[in-house]
S.K.: 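Got a structure for you, questions after.
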Amino acid sequence: MSALFDDKIHTTLADSKLQLAIYTATGRLIEKRRKAITPEGCPDYQELRTHANAVKRHTIDHLDYYLEEFARNVEAHGGKVVFCKDAQEVADFVLELAKERGAELIVKSKSMTTEEVDLNERLEHHHLESVETDLGEYLIQLAHERPYHIVAPALHKTREQVADLLTERLGVARETVIEKQTMIARAVLREKFLSADIGISGANFLVADSGAVVLVENEGNARLTTSAPKIHIAVAGIEKMIPRAQDLGVFLKLLGRSATGQPLTVYASFLSGPRRAGEIDGPDEFYVVLLDNGRTKVLADREKRESLYCIRCGACLNHCPVYRKIGGHSFPWVYSGPIGAILTPQFLGINHEPGLPFASSLCGACAEVCPVKIDIPKILLELRSEVKQADQRQGTGRLERMAFRVWAWVMRHPHIYELAGMAAASLAPTADGGGWVRSVSSAINPAPVRAWLSQRDLPPSPPKSFRQMWRER
Amino acid sequence: MSRDHVLHKVRTALGRSAGQPVEGPPPARLTVPEAGIEARIESFRARIEALAGKTHRAESMEDARSYVADVLLGRSAVASNAPILRQCGITRIAGVESGITDRVRLRELCSTAACGITGADYALADTGTLVMLASPQEGRMISLLPPTHIAIVERARLLTGLDELLSILPRPAEQTSSMVLITGPSRTADIEQILVRGVHGPGEIHVLVV
């Protein structure tokens, strides 16, 4: 584990206000989802998951076919498809288009994919104003932070912090009433929508048989982003594909319920191309940027390919006992929680943060709630094994390997095991009154073990071992 | 350029070759329950009202017109070009602008009007959803910019749910560049999970079933 990862975790754990904010928000989201998937609310919930998994598996296994079908259909409706291999190509495309059209102001609706490629920073570097319009995203953009959560980006901010932020960045009078804070943001952003030259959105789904981009949201900012400016650019990872519009019957029901406990979000937009002859409004130009940025690498790995089924509902974050303690900003990249723990090493390489696949109790809650049934714990285990193999190649982790070899040898020899047990019992610390041991003397606590023990209490050592009791029975 | 590059990488990763065909995806899973019109209307109204939307069952076109006039109370409104609005006489209510076909003018009116009045192509009973297809009759801004949205739905357009919509409209892109499903007023819970309505879209929604 890198010192930075360790440090961020401890900072989060030490902040009691933040702990409460994370715990409360994720707890509410858990409760909302639970109510939305009851047998009355969604009788076929498990069948929907199974079906969604089958559709995603089929689509991802034949992704080249659906990408081509999608591109043909977008173009048939007068839109353009731009394939980009990395972040730089996305920024270059947007910059070039903005330059050609003389655009100065861009409005953005929430998109993890554009976060992934740091699009705002890249555009601002070239003096293009790019404004996030989802309320939570707008707040974290004002704070120069990254999203704390896939669906609730400002989950960690309290109303007091929002009040300070709005006063500091917008120069408005301090306002701590959430309704009023929201209306301040609405007024600022309404102006932006009406004067923006380009709207950039993400995509929740790409629909191959329609050449359509599907966006779900509750605020209306994605609708404004995609229909007020004359140019709409949707930026999406290539894995967002589904074969048919009819598949939305399964995916929209799962996404809303898993993310926020809604049978359907307030808005779901199905957008296929620029406005057509006779349509009164809508964009004149429609572009879909299809991003690789490491996805084809994941695709090539049969064992872990299912990581690409993710529909970004955030349910695995809410239900993860680790996320709920260490929060979103402890994670080393834009994707946090269990899904972040499997995507980050695969996109950026396992050396980016070798501790990440180990920051899990493998309790399995993530797999249980995943609407497309990604087996996250299995993939975490695969990644752990890759980290260890890399250690071996680099000749590191020798001590650990030796320790486990000794352990294995001891376990194969019952008499030695018993002797070792007696030795450990005599050395083991005791706590007053036979309670749990909360600190361990340094004699049996060398450096590699110390980190492990620092987070754990030990039970008191029993007066007799199991083997002794067995013999005396 | 990158199109070929990316597609090539995808094919290599999957062990597929260019133009290799695909056996169809798993059959679409759409279930359309049996539900009579009365049950659909009741469910639709209950769902919208649970989301703090208002509904009204108009017994006649005149009833619809007078309900809308009561909601407006003389405030400014923009009406779409949906024929139903004209038939109900809603476009003749004082303060209601309609018949707009110019984008710039529509946007100007919508950004100052108190209410936007539209038809709806379909409505979904089990979620309380309006289905709006952009067309010469329906601009996108009318149901989006004004703080209040009033929609008139013909009862024959009330479907059981999303699955029925996708069964009768399997390829929406053949008809429109934009199909939007609207389920209740615009809302956010981005600050401390506290619900606030009307953040970007309309905070108030009235749906009339005629």
Side-chain angles (χ1 to χ4, degrees), chain A residues 25 28 51 54-55 58 61-65 67 77 83-85 89 135-136 154 158-159 162 178-179 181-182 186 194 210-212 218-221 223-224 227 243-250 252 263-264 266-276 278-282 292 296 299-300, chain B residues 2-3 5-7 9-14 16 20-22 25-26 28-31 100-103 106-107 111 126-127 129 134-136 139-141 144 162-163 166-167 170-173 176-188 190-194 196 198-202:
Chain A
R28 284 203 181 122
H51 189 83
V55 172
H58 168 84
D61 283 348
H62 305 92
L63 191 58
D64 58 317
Y65 176 87
L67 283 167
H77 293 127
F83 285 79
C84 289
K85 65 173 191 284
E89 285 198 352
L135 178 63
T158 62
R159 69 189 79 188
V162 171
I178 291 174
E179 286 79 4
Q181 294 175 336
T182 304
R186 174 189 158 106
L194 294 176
S210 311
N218 286 323
E219 297 185 1
N221 67 303
R223 285 183 69 197
L224 282 161
S227 54
R244 298 157 299 207
Q246 288 195 329
D247 294 316
L248 291 169
V250 170
L252 288 183
L264 271 183
V266 175
Y267 302 115
S269 302
F270 184 96
L271 306 168
S272 50
R275 70 171 172 149
R276 305 205 182 149
E279 286 181 9
I280 305 162
D281 51 11
D292 178 351
T296 49
L299 211 52
Chain B
S2 284
R3 174 180 296 223
H5 175 80
V6 173
L7 283 172
K9 280 178 81 173
V10 171
R11 284 191 202 103
T12 310
L14 296 172
R16 288 174 45 85
Q20 190 176 335
V22 164
R29 188 180 193 282
L30 299 174
T31 43
I100 298 127
T101 53
D102 178 66
R103 167 162 66 182
L106 183 70
R107 181 195 287 213
S111 54
D126 69 350
T127 48
T129 301
S135 71
R140 306 176 198 213
M141 292 297 151
L144 187 53
L162 179 62
D163 285 2
L166 294 168
S167 314
R171 288 174 182 244
T176 178
S177 70
S178 161
M179 175 175 81
V180 180
L181 312 185
I182 302 175
T183 309
S186 154
R187 60 195 272 179
T188 186
D190 276 352
I191 306 173
E192 293 189 12
Q193 303 261 304
I194 302 294
V196 182
V199 52
H200 288 297

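First the proteins, then the strands, lettered A, B, ... as listed; each starts at 1. In what follows, every heavy atom counts, from backbone to side chain, and hydrogens, waters and symmetry copies are set aside.
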S.K.: Using non-hydrogen atoms only, which part of Leu14(B) is less than 4.5 Å away from chain A: side chain, backbone, both, or neither?
M.R.: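 Leu14(B) touches chain A through backbone and side-chain heavy atoms alike.
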
S.K.: Do NZ/NE/NH1/NH2 and the carboxylate oxygens of Arg103(B) and Asp281(A) come within less than 4.0 Å?
M.R.: no

S.K.: At a heavy-atom distance under 4.5 Å, which candidate from Gln20(B), Arg29(B), Met179(B), Met141(B) has the highest pair count against chain A?
M.R.: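 Among Gln20(B), Arg29(B), Met179(B), Met141(B), the one with the most close pairs to chain A is Arg29(B).
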
S.K.: What residue in Ala134(B), Pro21(B), Pro202(B), Gly184(B) has the most heavy-atom pairs under 4.5 Å with chain A?
M.R.: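 Looking at each option in turn, the highest pair count goes to Ala134(B).
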
S.K.: Could you walk me through whether His58(A) and Val22(B) pass side-chain contact (heavy atoms from CB on, under 4.5 Å), step by step?
M.R.: CA-CA 9 Å; His58(A) 168 84; Val22(B) 164; 3.5 Å; yes

S.K.: Among Gly211(A), Pro274(A), Ala268(A), who wins on heavy-atom pairs under 4.5 Å with chain B?
M.R.: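 Looking at each option in turn, the highest pair count goes to Ala268(A).
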
S.K.: Measure the CD-OG1 distance between Glu192(B) and Thr158(A) for me, rounded to the nearest 0.5 Å.
M.R.: 6.0 Å

S.K.: Once you round to the nearest 0.5 Å, how far does CZ of Arg186(A) lie from OG of Ser186(B)?
M.R.: 7.5 Å

S.K.: Less than 4.5 Å to any heavy atom of chain B: does that hold for the side chain of Ala212(A), its backbone, both, or neither?
M.R.: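 Nothing of Ala212(A), per the 4.5 Å heavy-atom cut-off to chain B.
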
S.K.: Is the closest side-chain heavy-atom distance between Ser227(A) and Leu144(B) below 4.5 Å?
M.R.: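 A side-chain contact under 4.5 Å exists here.
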
S.K.: Let me know if Thr176(B) has heavy atoms under 4.5 Å from chain A in its side chain, its backbone, both or neither.
M.R.: both

S.K.: Do Val10(B) and His62(A) have side chains that approach each other closer than 4.5 Å (heavy atoms only, starting at C-beta)?
M.R.: no

S.K.: Just so I know, are the side chains of Pro263(A) and Thr127(B) near enough to count as touching, which here means a heavy-atom distance under 4.5 Å?
M.R.: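 A side-chain contact under 4.5 Å exists here.
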
S.K.: Atom NE2 in His200(B), atom OG1 in Thr182(A): separation rounded to 0.5 Å?
M.R.: 9.0 Å

S.K.: Can you confirm whether the side chains of Ser2(B) and Glu89(A) place a donor and an acceptor under 3.5 Å from each other?
M.R.: yes

S.K.: Go through the atoms of Arg187(B) and report whether side chain, backbone, both or neither lie under 4.5 Å from a heavy atom of chain A.
M.R.: both

S.K.: When you look at Ser111(B) and Leu194(A), which way does the side-chain contact (heavy atoms from CB on, under 4.5 Å) test go after all the steps?
M.R.: CA-CA 9 Å; Ser111(B) 54; Leu194(A) 294 176; 3.8 Å; yes

S.K.: Name the member of Val180(B), Leu162(B), Leu106(B), Thr101(B) that forms the most heavy-atom pairs with chain A at distances under 4.5 Å.
M.R.: Val180(B)

S.K.: Between CZ of Arg28(A) and CD of Gln193(B), what distance do you get to the nearest 0.5 Å?
M.R.: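 Going from the CZ atom of Arg28(A) to the CD atom of Gln193(B) covers 6.0 Å.
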
S.K.: Who among Val55(A), Ile178(A), Leu271(A) has the most heavy-atom pairs with chain B under 4.5 Å?
M.R.: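 Most heavy-atom pairs within the cutoff with chain B belong to Ile178(A).
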
S.K.: Decide whether Glu279(A) and Ser177(B) meet the rule of one side-chain donor and one side-chain acceptor closer than 3.5 Å.
M.R.: yes

S.K.: For the candidates Gly278(A), Gly136(A), Gly273(A), Pro243(A), which exhibits the highest count of non-hydrogen atom pairs separated by less than 4.5 Å from chain B?
M.R.: Gly278(A)

S.K.: For the interface with chain A, which of Leu181(B), Thr31(B), Asp163(B), Leu7(B) has the highest count of heavy-atom pairs at distances below 4.5 Å?
M.R.: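 Looking at each option in turn, the highest pair count goes to Leu181(B).
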
S.K.: For Val196(B), which atoms come within 4.5 Å of any heavy atom of chain A: side chain, backbone, both, or neither?
M.R.: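 Contact with chain A: side chain only.
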
S.K.: Which bit of Arg244(A) comes within less than 4.5 Å of chain B, counting heavy atoms only: side chain, backbone, both or neither?
M.R.: side chain

S.K.: To the nearest 0.5 Å, tell me how far Ser269(A) OG sits from Arg140(B) CZ.
M.R.: 9.0 Å

S.K.: Using a cut-off of under 4.5 Å for heavy-atom pairs, which of Ala154(A), Gly282(A), Gly220(A) has the most such pairs with chain B?
M.R.: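 Among the listed options, the one with the most contacts to chain B is Gly282(A).
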
S.K.: Atom OG of Ser178(B) and atom CZ of Arg223(A): how far apart are they, to the nearest 0.5 Å?
M.R.: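 Rounded to the nearest 0.5 Å, the OG-CZ separation comes to 7.5 Å.
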
S.K.: Need one label for Asp126(B): side chain, backbone, both or neither, based on atoms under 4.5 Å from any heavy atom in chain A.
M.R.: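 Neither part.
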
S.K.: Can you find a pair of side-chain heavy atoms, one from Arg16(B) and one from Asp61(A), that are under 4.5 Å apart?
M.R.: no

S.K.: What part of Val162(A) gets within 4.5 angstrom of chain B, counting heavy atoms only: side chain, backbone, both, or neither?
M.R.: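 Contact with chain B involves the side chain of Val162(A) alone.
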
S.K.: Among the options Ile194(B), Leu30(B), Leu166(B), pick out the one with the most heavy-atom pairs lying under 4.5 Å from chain A.
M.R.: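 Maximum pair count with chain A is reached by Leu166(B).
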
S.K.: Could you look at Asp292(A) and say if it's the side chain, the backbone, both or neither that has a heavy atom under 4.5 Å from chain B?
M.R.: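 Only the side chain of Asp292(A) comes within 4.5 Å of chain B.
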
